[in-house]
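Structure first, then comments.
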Amino acid sequence: MTTPEDRAAALGLVLPDYADPPYGGRYGTVKAFHRTGRLVQLSGITGEDREGRVLHQGALGAELDVEQGREAGRLAAANCLGMMRLAVGSLDNVAGICRVLGFVASTPEFTDHHEIGQAVSDVFLDVLGRDAGLAGRGFVGASSLSRRNCVELWVSFEARPTGLRRLWPIR
Amino acid sequence: MTTPEDRAAALGLVLPDYADPPYGGRYGTVKAFHRTGRLVQLSGITGEDREGRVLHQGALGAELDVEQGREAGRLAAANCLGMMRLAVGSLDNVAGICRVLGFVASTPEFTDHHEIGQAVSDVFLDVLGRDAGLAGRGFVGASSLSRRNCVELWVSFEARPTGLRRLWPIR
Amino acid sequence: MTTPEDRAAALGLVLPDYADPPYGGRYGTVKAFHRTGRLVQLSGITGEDREGRVLHQGALGAELDVEQGREAGRLAAANCLGMMRLAVGSLDNVAGICRVLGFVASTPEFTDHHEIGQAVSDVFLDVLGRDAGLAGRGFVGASSLSRRNCVELWVSFEARPTGLRRLWPIR
């Protein structure tokens, strides 16, 4: 049986290890995630690698085309999966992605934000399966993003109850 | 006594039935909502009708004026109400809208985003009443939106506890 | 021992009292916050003072520079703290800020959105301390904001369980 990591690798994606080095080195004042009960909320996540390299810089409809936006979205989705693993120990503990709000740096004329959303959803579905990976989403145009990223994701997910929590299945 | 559907009809609004045909036909990879405990989070919702028709296309401050934006906001709000009904069976089960983040396709010069928010709030208040319909909100400018929509809403609401949950009013 | 209010004053910030006059006077249809269990979601909050005065109007990269954006972000953060106090009675009842989504009115060329986020985080950390003040964040470019504000924040936080809730430390 394949694991989520196996499936990500088969897609050519690397799920970063945000535990080593610890997340937040570049911005020491950002929390990776917050968990309230089963609800976990992640920080804004781009497609930057751990060294801060940005693959496609600029705006959709200007310097970048839809395929480049989709590629940046796939990288950002892989980073989200790495962050989920950091938050709940294993992707097997992700009960379901609540929803994904996506910001796409784009011109006033751009109309295909949903194509980037589709690319992000495909990664989540391929790696987590339909039960856990199907997510609500909205992808909207940003005038610009930090460090010329073209995609930034704002994700919340539900963790599986684990350990003692299983004894009180209250909600 | 009037129902929320009665009140929506009196406002000239139709609450779409997202159960029939099932939501997600056009984008098979989008979840309509996610429920964690009493918290329900909806996907991004525009004013498009079930056939994908967009009433006012473009940006506020450019092709569109505030009144057109308000009209698109009212349609999007009606669609949200349809989605709430899908999520919890009846609008009577909506305990309260948590908050509404609204994206308004708009030019750099546009300053009346709150007017669109007001139109959205009015629909929620008129249909759900003050207890359930009063919502937090923020309306911000997007550089552009999918398929040239001018308004997209990002909504969370609290469901009433139902069935067995009523026995343990824990939180 | 200093209080959060003491620490805010030492930073030259005033935490507004949203109880007097009551919040929502200007927009009678906006809820200040929504609490579901321990999760509290705030409305969109700018740096406007209680009279609606906006310190820096315009967009980063156009009329405004990064330092002006940071100043607006600090005012908005102080307003958020005032709203948290309204929501849970005292800043001592804030268990932790979940995350902050920040909208920065900015040109397509602007790349330093994270600098505004840093300024906001610094206020939360300085006033609430690291345990409660460290927050997830994402700061993105808006094409424009209501009433020519340059920063608007979208915040959720976790409240400490209080009163009877302390007897059932369930989640």
Side-chain angles (χ1 to χ4, degrees), chain A residues 23-24 26-46 48 52 54 57-63 76 83 87 101-108 140-156 159 161 164-165 167-171, chain C residues 35-41 59-62 95-126 130-145 154-159 161 168-171:
Chain A
Y23 175 76
R26 196 146 31 103
Y27 306 116
T29 58
V30 180
K31 185 162 62 177
F33 63 90
H34 184 92
R35 179 170 179 164
T36 309
R38 292 192 194 166
L39 179 69
V40 186
Q41 299 176 70
L42 302 182
S43 265
I45 294 180
T46 66
E48 292 180 35
V54 179
Q57 290 188 307
L60 280 283
E63 304 90 341
M83 203 61 88
L101 179 58
F103 297 97
V104 180
S106 50
T107 63
V140 300
S143 59
S144 49
L145 292 171
S146 275
R147 308 183 71 250
R148 301 194 75 219
N149 276 281
C150 65
V151 177
E152 183 157 348
L153 305 180
W154 192 248
V155 176
S156 56
L164 275 182
R165 285 190 181 83
L167 298 178
W168 293 281
I170 285 157
R171 321 196 320 162
Chain C
R35 179 170 179 164
T36 310
R38 292 191 194 167
L39 179 68
V40 186
Q41 300 176 70
L60 279 284
I97 300 179
C98 305
R99 58 181 184 176
V100 180
L101 180 56
F103 297 96
V104 180
S106 49
T107 62
E109 294 75 29
F110 188 69
T111 62
D112 290 334
H113 312 71
H114 53 279
E115 292 285 343
I116 319 303
Q118 183 75 49
V120 168
S121 288
D122 285 345
V123 169
F124 289 148
L125 288 165
D126 287 342
R130 194 157 180 94
D131 276 1
L134 189 66
R137 75 174 189 240
F139 274 67
V140 301
S143 59
S144 49
L145 292 171
W154 192 247
V155 176
S156 55
F157 71 94
E158 180 175 331
W168 293 280
I170 285 157
R171 321 199 316 161

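All values below come from the heavy atoms of this structure, side chains included, with hydrogens, waters and symmetry mates left out. Quick note on labels: first sequence line is chain A, next is B, and so on, each numbered from 1.
In this structure a side-chain-to-backbone donor-acceptor pair under 3.5 Å is present from A:S143 to C:A142.
Only the side chain of A:E152 comes within contact range of chain C, judged by heavy atoms closer than 4.5 Å. Using a 4.5 Å cut-off between heavy atoms, C:S144 makes no contact with chain A at all. Contact of A:L101 with chain C is made through the side chain alone, with heavy-atom distances under 4.5 Å. Contact annotation for A:F33: neither backbone nor side-chain heavy atoms come within less than 4.5 Å of a heavy atom of chain C. Contacts of C:F124 with chain A are absent, with no heavy-atom separation under 4.5 Å from either backbone or side chain. Both the backbone and the side chain of C:S106 come within less than 4.5 Å of a heavy atom of chain A. When heavy atoms are compared at a cutoff of 4.5 Å, C:L134 approaches chain A by way of both its backbone and its side chain.
With sequence neighbours left out, C:F110 forms a ring pair (Phe, Tyr, Trp, His ring centres under 6.0 Å) with C:H113. In this structure C:E109 satisfies the salt bridge (charged side-chain N to carboxylate O under 4.0 Å, His left out) test with no other residue, sequence neighbours excluded.
Contact record, C:I97 with A:K31: O-NZ, 2.8 Å, taken as the closest heavy-atom pair. Closest approach of C:V100 and A:W154 over heavy atoms only: O-CH2, 3.4 Å. Listed here is the closest heavy atom pair of A:S146 and C:F139: OG-O, 4.0 Å.
Using a 4.5 Å heavy-atom cutoff, the side chains of C:R99 and A:H34 are not in contact.
Of all the listed residues (C:L125, C:T107, C:D112, C:V104), the one sharing the greatest number of non-hydrogen pairs under 4.5 Å with chain A is C:T107. Note: A:V155 leads A:T46, A:I45, A:V155 in heavy-atom pairs under 4.5 Å with chain C.
Between A:T29 atom OG1 and C:R130 atom CZ the span is 8.0 Å, to the nearest 0.5 Å.
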